[in-house]
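Working notes, beginning with the structure itself.
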There are 2 protein chains.
Amino acid sequence: MAVTLADVAARAGVSSATVSRVLNGNYPVAGSTRERVRRAVAELDYVVNGQARALAAASSDLVGVLVNDVADPFFGLIASALQREIAAGPGRLPGDGKLAVVCNTGGSPEAELTYLTLLERQRAAGVVLTGGAVEDRQHTAAVTARLARLAASGTRIVLCGRPPLPDAGAEITTIAFDNRGGARRLTEHLLSLGHRRIGCVAGPLERSTTRHRLEGHRAALAAYGLAPEVAAGEEFRDLPGRPVVHGGYDRSSGYDGALELLRKDPAVTAIVAANDTAALGVCAALRDRGLSVPGDVSVAGFDDLPFSVDAAPALTTVRIPLQEAGARAGRLVLGRSAPPPGAMATVATELMVRGSTAPPSGSAR
Amino acid sequence: MAVTLADVAARAGVSSATVSRVLNGNYPVAGSTRERVRRAVAELDYVVNGQARALAAASSDLVGVLVNDVADPFFGLIASALQREIAAGPGRLPGDGKLAVVCNTGGSPEAELTYLTLLERQRAAGVVLTGGAVEDRQHTAAVTARLARLAASGTRIVLCGRPPLPDAGAEITTIAFDNRGGARRLTEHLLSLGHRRIGCVAGPLERSTTRHRLEGHRAALAAYGLAPEVAAGEEFRDLPGRPVVHGGYDRSSGYDGALELLRKDPAVTAIVAANDTAALGVCAALRDRGLSVPGDVSVAGFDDLPFSVDAAPALTTVRIPLQEAGARAGRLVLGRSAPPPGAMATVATELMVRGSTAPPSGSAR
DNA sequence: CTGTTAGCGCATTCAA
DNA sequence: TTGAATGCGCTAACAG
């Protein structure tokens with residue numbers, strides 16, 4: 001049987017309440033008593049029962065972090081920074097610090113809801129949802145309802161890298177990424193190099209991240225008169241004429257997507273990928289087709305994941321400060337930093353021009 | 001205030017015990033009663049309180065997964081597969097399924113112990129420790145003691161990718177990686193290509209993974225008569241004469257390590273890196289020094305992380321089936337699969353020869 | 001400053 | 001098949 005508070009109390013010759021006070025340090029206790037209790041704790045190798053504590057105090061030291069895929073560096077970087085932030089730091093008590101529960105949804109809406117239930121059941125202190133949202137009215141409503149309830153019961157909610165949930169009340173803080181702006185600058189870069197037939201190997205259309213990146217892309221094209229403007233409020237849709245294919249955010253989606261794109265439009269001189277991982281797949285497909293990057297086709301990624309700089313050629317991409325965002329989400333979910341005005345902050349993105357993009361081959365006239 | 005069992009019971013016109021029975025389904029309840037309870041649960045949006053349940057039942061649905069760094073794909077792949085395995089699957093009840101708590105130790109022994117305390121406090125159902133261990137007698141003893149206590153209190157312990165803990169009793173199952181064999185085959189590959197001056201940009205010497213890989217490396221050299229055999233039981237140590245430098249498992253360690261290595265021994269024709277990530281850094285350093293890979297220097301990695309195939313040139317490396325290992329660890333920690341004989345299994349590694357290794361330039365005679 | 005007393009919400013006896 | 005009663009280990013009033 002495990003050692004309990006009562007055992008420690010007996011050993012130290014005090015009441016269990018006193019032991020509790022010493023442990024939590026939130027109440028005055030005489031120095032000598034404290035010493036005696038400390039010794040008893042050490043001698044018995046006592047470890048608090050978190051469940052009992054949580055039950056009695058109606059609080060918990062669990063923070064849930066929902067990610068699409070831990071194995072994806074995009075989420076890994078966010079989660080890692082977040083966890084570093086909420087774990088016990090140097091100045092804080094040992095054993096203080098929250099436990100981050102990293103939950104892999106695999107991008108599945110059902111898994112997302114399941115994990116939210118599990119976290120609600122654990123009375124989590126906070127929940128952070130990372131990455132793009134699935135844009136399905138019904139699912140959004142379900143998530144919103146769940147989050148609203150969690151927030152109402154005192155759980156802090158932070159959205160990191162996903163659009164705000166307007167109907168969920170002001171309880172929910174959002175850290176959004178400027179995917180639209182980044183994508184726009186990226187496409188402008190390609191246009192300024194002289195590219196006119198730019199293909200997209202995009203992510204799944206139902207994800208907000210995909211949509212925002214495509215909107216940015218379209219805005220750049222529109223500025224060059226190559227596509228109609230998208231009116232505000234209008235639902236986004238792929239233009240029938242344009243070379244766009246959809247897939248996942250993984251390498252093989254990039255590979256397959258590039259092949260499909262070349263089939264649809266063999267004349268593309270540049271390809272914008274869903275993210276860096278997919279861009280690697282695009283490059284591999286082009287290589288296998290005997291096309292050189294950027295000689296025959298320029299390729300651009302997104303996110304600026306660590307390996308992008310080591311790809312061949314190094315990937316032109318859009319940098320998102322994932323670690324900073326994760327750390328900030330960590331501070332917010334602990335209530336250690338004040339929410340931004342409007343409960344919403346947008347993280348800027350930065351165009352990183354590298355070797356995978358160049359003027360189209362015909363442009364050396 | 002949150003809805004409790006009692007609320008549901010009142011609504012359904014039964015006792016709370018009955019509701020509990022319906023929820024857990026481990027006791028006969030009349031069909032009509034069950035239906036009534038189910039409806040009350042749904043109407044009230046009731047969610048079990050995990051803490052209270054755990055306290056009363058003396059069990060929990062948390063599984064701790066200790067990793068050095070979530071942002072590192074090595075750990076990401078293990079954690080992702082593990083979590084997929086322990087989460088509620090299709091055939092299982094919704095709300096069943098354990099929560100994986102991924103804990104980032106950052107490679108720090110103190111953090112490792114802190115997290116073990118936190119998990120013990122949560123009365124975790126299981127704990128998986130992944131990746132190489134820090135080989136410090138005192139720390140090993142402390143971890144062993146902690147794990148033995150956890151095991152004694154019913155927590156299942158699995159070691160994944162780290163050597164077995166002999167003194168901890170048979171309660172602990174180990175899934176070890178054959179780092180030694182893989183490293184040996186890798187070095188043999190280089191030797192068979194004709195390399196004789198092979199440098200190592202290794203990981204931290206105090207980590208078991210580093211040591212095992214260096215031992216395999218040395219064994220290959222010894223087989224070619226290029227280094228003395230290491231006697232069994234002898235403590236491993238770097239040979240004074242050999243070009244070996246130590247660093248971390250990250251890219252910049254690889255970069256810095258390669259520069260240092262070139263300073264120590266400009267004549268190396270091949271470099272074995274701590275892992276693939278470090279290998280990318282090594283390649284970058286060589287490139288910056290005007291050396292070509294594999295023209296001037298061959299480079300090899302370890303782990304076969306996803307990006308290795310897209311590096312320029314593609315990395316020769318040693319594949320570890322991380323996902324399979326993670327999934328297996330998941331099954332073991334749930335007790336869903338029987339432990340291997342001797343409570344220990346070794347996962348085979350496989351040499352992957354790609355473009356980053358070639359015969360030394362002088363060998364074309 | 002310290003001890004006593006009630007629960008926190010649930011699972012699980014023991015009766016009925 | 002169901003209900004009443006008890007306790008899991010701890011925190012938080014409330015006294016002293």
Side-chain angles (χ1 to χ4, degrees), chain A residues 1-38 40-41 44-62 95-96 118 120-125 153-154, chain B residues 1-38 40-41 44-61 95-96 117-118 120-125 153-154:
Chain A
M1 210 48 222
V3 181
T4 74
L5 245 205
D7 299 333
V8 177
R11 172 111 184 185
V14 297
S15 77
S16 60
T18 302
V19 179
S20 170
R21 285 166 190 142
V22 172
L23 258 36
N24 293 304
N26 51 4
Y27 219 81
V29 173
S32 64
T33 316
R34 181 169 31 222
E35 219 15 77
R36 226 155 6 108
V37 170
R38 287 251 167 83
V41 166
L44 295 176
D45 259 341
Y46 171 72
V47 176
V48 196
N49 183 323
Q51 336 270 16
R53 165 182 286 183
L55 182 57
S59 76
S60 129
D61 49 3
L62 254 40
D96 187 22
L118 243 41
E120 181 171 359
R121 178 185 296 181
Q122 294 297 330
R123 305 297 187 259
S153 70
Chain B
M1 211 47 224
V3 181
T4 74
L5 246 204
D7 298 333
V8 177
R11 173 109 184 185
V14 298
S15 76
S16 60
T18 302
V19 179
S20 170
R21 285 168 189 142
V22 172
L23 258 36
N24 293 304
N26 51 5
Y27 218 81
V29 174
S32 64
T33 317
R34 180 168 34 221
E35 218 17 77
R36 227 156 4 110
V37 171
R38 288 253 166 83
V41 166
L44 294 176
D45 260 340
Y46 170 73
V47 176
V48 195
N49 183 322
Q51 337 269 16
R53 165 181 284 185
L55 182 57
S59 76
S60 129
D61 50 3
D96 186 22
T117 302
L118 243 42
E120 181 171 359
R121 179 186 296 182
Q122 295 297 329
R123 305 298 187 256
S153 71

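Residue numbering restarts at 1 for every chain, and letters A, B, ... go by the order of the sequence lines.
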Whole angstrom is fine here: how far is it from [atom1] in [X] over to [atom2] in [N]?
X	N	atom1	atom2	result
Q51(B)	dC10(D)	CD	C1'	12 Å
E120(B)	dG9(D)	CD	C1'	15 Å
N49(A)	dC8(D)	CG	C1'	8 Å
R123(A)	dC8(C)	CZ	P	14 Å
L23(B)	dC10(C)	CG	C1'	10 Å
N26(A)	dA13(D)	CG	C1'	13 Å
R53(A)	dG9(C)	CZ	C1'	18 Å

Distances for protein N/O vs nucleotides 1-3 of chain D N/O pairs under 3.5 angstrom?
from: dT2(D); atom 1: OP1; to: T33(B); atom 2: OG1; distance (Å): 2.3
from: dT2(D); atom 1: OP2; to: A30(B); atom 2: N; distance (Å): 2.8
from: dG3(D); atom 1: OP2; to: S15(B); atom 2: N; distance (Å): 3.0
from: dG3(D); atom 1: OP2; to: S15(B); atom 2: OG; distance (Å): 3.2
from: dG3(D); atom 1: OP2; to: T18(B); atom 2: OG1; distance (Å): 2.6
from: dG3(D); atom 1: N7; to: R21(B); atom 2: NH1; distance (Å): 3.2
from: dG3(D); atom 1: O6; to: R21(B); atom 2: NH2; distance (Å): 2.6

With sequence neighbours left out, the residues meeting side chain to side chain contact (heavy atoms under 4.5 Å, CB included) with A52(A) are N49(A), L55(B)
The nucleotide from dC8(C), dC10(D), dC10(C) with an atom nearest the side chain of L55(A) is dC8(C)
- request: Using salt bridge (Lys or Arg N to Asp or Glu O under 4.0 Å) as the criterion, list what pairs up with R123(B), not counting sequence neighbours.
  value: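 So R123(B) forms no salt bridge (Lys or Arg N to Asp or Glu O under 4.0 Å) with any residue.
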**Asked** Could you state the interatomic distance from OG1 (T4(B)) to CG (L44(B)), rounded to the nearest 0.5 Å?
**Response**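 These two atoms lie 9.5 Å from each other.
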Axis-to-axis angle for the helix from dC1(C)-dG16(D) to dA16(C)-dT1(D), ends of five pairs each, to 10°, equals 30°
Minimum side-chain heavy-atom gap V29(A)-V37(A) below 4.5 Å: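 No. Closest side-chain heavy atoms not under 4.5 Å.
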Answer whether the closest heavy-atom distance between the side chains of L23(B) and V8(B) falls below 4.5 Å.
no
| task | Would you mind telling me which residue lines up with the more 5' stretch of DNA chain D, A56(B) or A56(A), judged by nearest nucleotide? | result |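 Comparing both residues, the 5'-ward one is A56(B).
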### Task
Among residues two or more places apart or on two chains, list those pairs meeting salt bridge (Lys or Arg N to Asp or Glu O under 4.0 Å) that have a residue in residues 21-38 of chain A.
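Passing the test, one end in residues 21-38 of chain A: no pairs.
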Query - Contact under 4.0 Å: N24(B) side-chain N or O vs dA11(C) OP1/OP2 - result: yes
_Stepwise side chain to side chain contact (heavy atoms under 4.5 Å, CB included) test for V14(A) and V22(A)_ = CA-CA 11 Å; V14(A) 297; V22(A) 172; over 6 Å; no
Smallest heavy-atom separation, D61(A) atom then Q122(B) atom, equals OD1-NE2, 2.9 Å
(message) Suppose we screen for side-chain hydrogen bond (donor to acceptor under 3.5 Å, both in side chains). Which residues come up paired with S59(A), at least two apart in sequence or across chains?
(response)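 side-chain hydrogen bond (donor to acceptor under 3.5 Å, both in side chains) list for S59(A), sorted by chain: empty.
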